Every structure is written in structure tokens, then in C-alpha cells.
Novice: 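A single structure is presented below for examination.
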Amino acid sequence: KEVVEKLNETKNESPKRSNFIQAIIEDDLASGRHQQVVTRFPPEPNGYPHIGHAKSICLNFGLARDLGGRCHLRMDDTNPTTEDVEYVEALKRDVRWLGFEWGEHMYHASDYFEQLYAFAVGLIKAGKAYVCSLSEEEIRTTRGSLSEAGTPSPYRKRTVEENLDLLARMRAGEFEEGAHVVRALIDMGSPNMKMRDPLIYRIKKAHHYRTGNDWCIYPLYDFAHCLSDSIEGITHSICTLEFENNRELYDWFIDNCDVTSKPRQYEFARLSLAYTIMSKRKLLKLVNDNLVDGWDDPRMPTISGMRRRGYTPEAIRHFCDMIGIAKANSTVDFEKLEYAVRNDLNHKAPRVMCVLDPLKVTLTNWPKDKVEMLDASLWPHDVPREGTRPVPFGATLCIERADFMENPPKKYRRLSPGAEVRLRYGYVIKCEEAIKDDDGKVVELRCSVDLDSRSGKPLGRKIKGTIHWVSAQHALPATVRLYDRLFKVEKPGAEGRDFLEELNEDSIKVMEALVEPSIGEDPAGSRYQFERQGYFISDSVDSKTGALVYNRVVGLRDSWAKKQAAKKAPEPAAPKVPKKVKDKPEDGERRRPQKRSRSYERDKARAENPALASRLERYHKEMKLDEDSADLLTGSVELGDFFEAALGALNEPVVVAKWLTNNLMAEIKDASVTELPFDGKAFGDLVKMLHAGTIGGTAAKEVLAQMVKTGQAPEAIVKTKGLEQMDDTQALRAAVESILAQHPGETERFKNGEKKLTGFFIGKVMKATGGKANPKAVRALIEDLTQ
Ligand code: ATP
Ligand code: MG
């Protein structure tokens, strides 16, 4: 149990931060360039923060926390028309919810308006800024293009006095919007368009949510942002890649204004998630057009939406660690986020039963008024974790409509006429009759119950399936909302398409369900796993005692990927299923449930899917895998696909299978390979490095553990951790020489023919090199050096 807990702990905890920004800061601290790191999260309060902001929050606050510095929360609120205090409150709430705290360091760029104005005056006095009276249109057309220099504004020649006078009158409200702007006087021929006399102030007669009508001129972002950083003593100003070209301007303002502190800007790749959008402008459009149910709609990529959906701060932080900090933009799969969520909820959400689409079951031989209270574990997957709930069992039950089939395919494991099935934690029932309404729809099942079959007792025959159920008389009605992707396409609105046309119309499905009574008066925000259905949370807004509402946080398996796979053509039919039932199917729950009949499950899967069966044959006969490995790898399409993708990197089936079954499957336990943050090809790359001798076995395990945690490519991990094996190089030669010199006695004996000392020396060298030496090379060197 301890080992399991330990594994889970390490799975959930943040991996050690190692990204290029951290490396820069560590160097700056080591060299004494800075005594303390000061970062900031600087949102514009014009919308609710989303998962992309979470990445920036985790990065900025995480760096400050890990490196003994501080992180400010600053509202970059220089644009009066879009900002609002509602958004400020949302930002504060969500940063805190994610687990970060700014203490006394909450700031507003709008608090610096007076100081920013003074900086502008300073630039004018130094002849480095001027009031320009070209129209907006003229400014745009005289800016030039990437291939052509811009045309200097005729107002560049204004005198300092004239500029100061105009600026003061702009501030006093004498001019209409657009009449004048203030521009930095830099270089209209600069190859960097940002440097062609950028605007620093404009007239805007708008009410600001904090400064009211005090100002009718407002600073532009590029000017205000860097100077706000400087005012606050920010050391490392971290932003997303699209600001790379702004860095030159950032530095120009810092160098040309009268500041004491000079922050530096670093850029990282912004987060994009497949099947959703991250632009606050577009998210606002969804809210304003009532296409979603507010900013916290559980389908929204906002932090408040994810909170209401049931995601945890731990899961989001873990996700942000998994995706890492890079310099190249890329789109991350939603599955990765869902993987982090499942991983976190698995040990937090107790199991209960809920029937989403109820079908009435009448037990014909159960005494009509008898109710038996069954004792069901809340943590059946976490044995021996304690905690049970009472589940009433009576004469009328409800099961999932999908768990009954009138004309089932062969080897169907659930209920059908004449077939038996076990009711989870309860008894074995047999369907005697299906009753239909006038339309031919099944409305009730009449079943007999084996009164001697109560769960936990030996039964003496095999029952293939176990299904969940509730007692009709005791169950609580609940509204259940099942969510799907908000958009139909991976990159909504890409290539000039209208993102609104790409909304998924089926992104929410509402069902009237029945949930077991043990949840009682469920407080809003509690999370459960509804067995076989997924993780759910009682909705913080709509769920009330007597009118329970649950949101599905995430399904148990990756239904989305499955759906996509199902669209592809099925594999050609295959020969007969080879017989191999090693582990007999179990009845009841004599063994731990998750251990029960896994091998039976695999046989079942192959029986139902001929493509899998043919794989079993092929793996065993053609690829020469032993029977057990072939069996293990063909229990699901996903695992087989993963294995074959790995072969794409290293076509050594026996080697890859061995590593997959012995190491990866042990590492991920019950999880599916589709939940891993990397694919089969990446796994193959790892085994390939091992096979080629680039890394040793111990190192390979370390790399694998890191891949499971972060999804990083194996090559990158090997590189950053310096795990390459030492071959016959100078360094290894020196290490072997040194070991031989340290053990003159053994060396003498070895020279005299005591060859079994080879192992002794190899062991010493391995230890001295931290396991990095290539044993074959060491062996050869020992021979060589003792000649
Ligand atoms: P939008 O374009 O949606 O308005 P934004 O970048 O303008 O987003 P800000 O409020 O300016 O939003 O962002 C605050 C901080 O969060 C900035 O430092 C920005 O770089 C960072 N950020 C915003 N979106 C992402 C993202 N998708 N991934 C990582 N960081 C992000
Ligand atoms: Mg922005």
C-alpha cells in the first residue's frame, strides 16, 4: 500500500522545474545580477482568465516561489473602454484558487498614470518624443511595410516647447479624440516596424473603472507595460512569444526614460488547446451572444468554467507542469488536461452508483417489501482504504438501459433474456422476461434473483458481467449534464473561418438520472465517480437538496479519441481466436475488483474484435513474442496500436514488448496508454536509445518515469539530465584506470588470470560513473589496460 501511495504521490507532485527561463534566473542570482527574483502576472482586466493564463500564472508565481522571490499581481488596466472591476475580481479569485498568493503585491498600471505621464514629458524634453497630428489613417499609411521604410511625420520637427504645450492641452481635454497623439521619436526606417515612431499616448474621452474621468489621454500598452514593470522593480518580465518584436521597444523605453530599475523581457510559447479558443475577445463574444451559460459555463476554457466543471487546482497545476515551458508554439491535446484531471480525482472522488438512463427491473422472487442494506466500499479501487456506504436493495431496481440487449451479440456480458448478470455489491439476477410498450420499446425487465448469490459469497459458477444499479424506491432523482468539446474542429476560427460556425451543437447533453441515496443532501461542489460513467461534481450554482444537478467532470476513458478511431475503417476480418483462458472468469467479488479477470477481459476483447485476435496470432507467430506478452499486448486496440507505433521507432518486437510489459505497464498500472502524455513512437524512441547503448537500463527507467510525468521527448530528457552512457572515451578510460589503481591487489590477481574479477571492476566503474558507463566498453577497457 505504501508503495502505491508513494507512486501516486510522485505522479501528482510537480516535477522539478527545469525550463530555460528558470535557468536564466538561476544564473542571474548566482552571478549577483539580482539579489531576488521579482516576476509578475500582468493581465488586462477585460475578461475572465483562461487555461492559457493558468500557464502564465503557474510559471510566474511558481518561479518566484521556487527561487525565493516574489510575484506581483498587476492589472494592466490602461484601456478604459474594455476593463471592468468584475474582471479584476475574477482574476483575483482564480489566481488564489489555483493556489497562489500575491500578499501585499497587488498593483494597477492605472495607479501609475501620473508617473507615466511624467515619463512622456521627460521623453519630449529630451527630444525623443513628439506630438503628432496626422490622422490615424495617415499614421498607418506612412508607417511603410516590411520591405519599405516609413515616411517621417512632418510633426517630428515640432519644438520641445510646442510639444509640451500640446501635451498639456491634450491632458486638459482641449482636443477631440484622434486630433493628436504622442509618438516616440525613434526610427522610421527600422526593420522592426514596432520601432517606427510608435504611439505612446492617445486621446480617449472615456470613463475608467478606477480613475473615473481624471484622464482623457491614456498610455499605450507597449509604453505602459515596461515602465510599470520598472516602477515595481520586476527583474524578469515574462511574456508570450508574440511580444518578441516588442522587446526592442521595451528596451528602448527602459533605456530612454529616467528609471532606476531595468527589467528584461523573456518570451515563452503560449498555450493553445485543441478544440477550444483562448482569445478573451472571442470568449466574450460567446458570453455576450448567450452561446454559453456565462464565463463559468463548464464548457468554457476559463478557470472559473473549469472549476465549475469540477477540475481541481492540483490537476491544472499538474497539467501546466506536464506541458512545460518552451520557445515554440504548439497545440496541446485536450486529452492531456483530462488525463491530469482523472489522475487527480482517482483518489479523491469516492465511488457511488448512478443510473443515467434508467430501465425498471422487477425482482419476481424477492419479498415485495424487503429491503436489505448492502455495505459497499467508497474506495473499491483503493483497497484497503476504509469507508463504506449503505446501499439499499429491494424488489424494484433500475439499471442502465444500455446494460440490456434483447438480441445480444455472442459473448455479450451484460443482461439479455435468459442471461445472468451480477448487480454490483449485490446479487446475481437472471432476466426472465422483457416487457414492452405498444411501440415495442422495452419498459421493464422481470428478473429472478439467486438468493444465495450475495456478493462476497462463493458461487460455484461464472458470472460474466457486473453492472451498476439503484433501488427504484430509494434512489434520488438527479439531473446530469454530460459535456463534450465546445467546438467541432481542432482549431476553431483558423484560416479565416468564423469560429462561431464551428461550435459543437452537441456539447451538452442533459439527462434525468437516478443516484443512490447515500449521497443524501449533497453539498454543492462534491465530487464522485459514478461507477462506470465517469467523474461528476454537484453543480455549484444549480444543485439543491431535492433537485440535485451533476456535471460530468470527465469520462473514465478517452471517449473522444475512441469516437475518432471508430470513424476509421475497421481492420480486415481475422482467423479463429486462439484459445487461451489462463485466468478463469470470476463470479462475485472474491478478489479485489480491479484484479478480477483481467486476462478474461482480454480474451473477451479479442473475441469481440477479430482484428485483435489476428494481432495475437501475428505477435506470437511472426514477431516471436512469448504467449504472455502477446496476450498482454492484444487486450485492447489502444495498447496494440501503441506497441506498433513503438515498433515504428525500433523494429525489435521482442525488445520493445519486454520493455512495454515490464516497465511501462508496471508504471501506469490500471491506466490506459491513451492517457499517457506521450505516444507509442516516443516510447519506441526510448527503447531504441537503450537498445543502441546510448543509455543504460537504470537511466532508461529514470527517463521513462519522467516521460510519464511530463510527456517530454526521451531524447530531451536524456540530454538535460546528461544520461548518455560513457563509451570508450577518454573519460571512461580515466575512470577505469583510476579504479584499477585504487585496487592494486585485485588488479594483480586479475592479471594473473583471475578473470572472474571482471564483475568486481565493472561494478566499481559503474558506481564511479553514476551508472553511466557502458558495461561492454568497460569490460574491453579492463582487458586493454591490464595487458
Ligand atoms: P487575449 O489575447 O485573450 O486577450 P492576452 O494575452 O491579451 O489574451 P492578457 O490579460 O494580456 O491577455 O494576459 C495576461 C498574461 O497572460 C500575459 O502575460 C500573457 O502573456 C499571458 N497569457 C495570455 N494568454 C496566454 C496563453 N494562451 N498561454 C500562456 N500565457 C498566456
Ligand atoms: Mg494582452
Side-chain angles (χ1 to χ4, degrees), residues 19 21 38-64 71-79 81-84 86-92 94-95 98 100 102 106-110 209 220-222 224-226 228-229 232 234 236-247 250 263-288 295 300-306 316-317 319-332 334 336-337 491-493 499:
N19 58 62
I21 297 180
V38 185
T39 56
R40 83 285 169 271
F41 171 60
E44 188 187 351
N46 59 355
Y48 279 51
H50 51 59
I51 183 79
H53 292 115
K55 177 175 179 181
S56 175
I57 292 167
C58 289
L59 177 61
N60 280 293
F61 279 94
L63 285 168
C71 180
H72 297 180
L73 175 61
R74 178 173 77 237
M75 298 299 136
D76 258 348
D77 52 0
T78 53
N79 182 5
T81 52
T82 54
E83 296 160 3
D84 198 275
E86 176 194 353
Y87 304 132
V88 177
E89 291 310 314
L91 281 155
K92 285 159 72 177
D94 292 350
V95 171
L98 278 175
F100 299 104
W102 53 89
M106 162 102 199
Y107 302 100
H108 297 82
S110 55
Y209 79 103
L220 275 101
Y221 176 85
D222 280 324
H225 181 74
C226 56
S228 300
D229 280 348
E232 291 176 19
I234 301 301
H236 299 79
S237 174
I238 304 167
C239 64
T240 38
L241 279 181
E242 66 274 21
F243 288 97
E244 206 163 3
N245 284 337
N246 302 53
R247 193 191 327 131
Y250 188 107
R264 284 206 193 162
Q265 176 183 304
Y266 299 93
E267 307 90 22
F268 70 100
R270 66 191 291 122
L271 168 67
S272 312
L273 262 187
Y275 295 98
T276 191
I277 50 173
M278 293 284 183
S279 148
K280 282 186 283 184
R281 184 181 56 78
K282 290 181 179 171
L283 293 172
L284 179 65
K285 177 103 180 119
L286 295 179
V287 173
N288 284 344
W295 284 100
M300 289 280 269
T302 51
I303 297 175
S304 50
M306 291 183 173
I316 295 179
R317 289 202 304 264
F319 168 72
C320 289
D321 281 333
M322 271 164 65
I323 56 178
I325 301 298
K327 261 282 193 193
N329 282 322
S330 66
T331 301
V332 175
F334 220 100
K336 212 172 233 181
L337 178 55
K491 295 190 173 166
F499 74 104

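None of these values were measured; they are calculated from a predicted model. As the structure lists them, so they are numbered: ligands from 1, and atoms in each ligand from 1. Side chains included, hydrogens not; waters and symmetry mates left out as well; all remaining heavy atoms used.
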Novice: Under a 4.0 angstrom heavy-atom cut-off, which atoms of ligand 1 come close to S279?
Specialist: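 It comes down to these atoms of ligand 1: 3 (O).
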Novice: With only distance considered, is L271 within less than 3.5 Å of ligand 1 through an N or O on each side?
Specialist: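 Yes, since at least one N or O of L271 sits under 3.5 Å from an N or O of ligand 1.
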Novice: Is it true that the side chains of N79 and Y221 contain a donor and an acceptor less than 3.5 Å apart?
Specialist: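 Per modelled atom types, N79 and Y221 side chains form no pair under 3.5 Å.
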Novice: Geometry only, no angles: is K280 polar-contacting ligand 1 at N/O separations under 3.5 Å?
Specialist: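 Indeed, backbone or side chain, K280 has an N or O that close.
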Novice: Using a 4.0 Å heavy-atom cut-off, which part of F243 comes near ligand 1: side chain, backbone, both, or neither?
Specialist: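 No part of F243 is near ligand 1 at this cut-off.
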Novice: Under 3.5 Å, N or O to N or O, is E44 touching ligand 1 that way?
Specialist: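 By distance alone, the answer is yes.
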Novice: Under a 4.0 angstrom heavy-atom cut-off, which atoms of ligand 1 come close to F41?
Specialist: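 Counting from 1, the qualifying ligand atoms are 14 (C), 15 (C), 16 (O).
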Novice: Who pairs with H50 by ring-ring contact (aromatic ring centres under 6.0 Å, His included), at least two apart in sequence or on another chain?
Specialist: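 Partners of H50 by the ring-ring contact (aromatic ring centres under 6.0 Å, His included) criterion, ordered by chain and then number, come out as H53.
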Novice: Purely on distance, is any nitrogen or oxygen of P43 under 3.5 Å from one on ligand 1?
Specialist: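 No, there is no polar N/O contact under 3.5 Å.
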Novice: Taking distance alone, with no angle check, do G52 and ligand 1 share an N/O pair under 3.5 Å?
Specialist: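 Yes, there is a polar N/O contact under 3.5 Å.
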Novice: Are the aromatic ring centres of Y266 and H236 under 6.0 angstrom apart?
Specialist: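 Yes, the ring of Y266 comes within the 6.0 Å limit of the ring of H236, centre to centre.
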Novice: In terms of side-chain geometry, is the basic nitrogen of R40 or E232 positioned less than 4.0 Å from the acidic oxygen of its partner?
Specialist: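 Looking at E232 together with R40, the answer is no, because their closest N to O distance does not fall below 4.0 Å.
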Novice: N/O to N/O below 3.5 Å, does that happen between H53 and ligand 1?
Specialist: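 Yes; at least one N/O pair falls below 3.5 Å.
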Novice: For L284, check side-chain contact (heavy atoms from CB on, under 4.5 Å) against everything at least two apart and list the hits.
Specialist: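 Applying side-chain contact (heavy atoms from CB on, under 4.5 Å) to L284 gives Y87, N288, W295.
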Novice: Under a 4.0 Å heavy-atom limit, does H50 contact ligand 1 with its side chain, its backbone, both, or neither?
Specialist: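 The answer is the side chain of H50.
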Novice: Given that the side chain starts at C-beta and the backbone is N, CA, C, O, which of these parts of S272 lies under 4.0 Å from ligand 1, counting heavy atoms, or is it both or neither?
Specialist: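 No part of S272 is near ligand 1 at this cut-off.
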Novice: Using a strict threshold of under 4.0 Å (side-chain N to carboxylate O), is an ion pair present between E44 and K280?
Specialist: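 Not counted as a salt bridge, because no side-chain N and carboxylate O are separated by less than 4.0 Å.
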Novice: For ligand 1, which atoms have a heavy atom of T240 less than 4.0 angstrom away?
Specialist: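 Contacts of ligand 1 toward T240, numbered from 1: 20 (O), 29 (C), 30 (N), 31 (C).
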Novice: Does atom NZ (K491) have a neighbourhood of more than 12 heavy atoms from anything else shown, all under 6.0 Å?
Specialist: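 Result for NZ/K491: open.
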Novice: Answer with yes or no whether the side chains of S237 and R264 bring together a donor and an acceptor at under 3.5 Å.
Specialist: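 Side-chain D/A pair, R264 to S237: absent.
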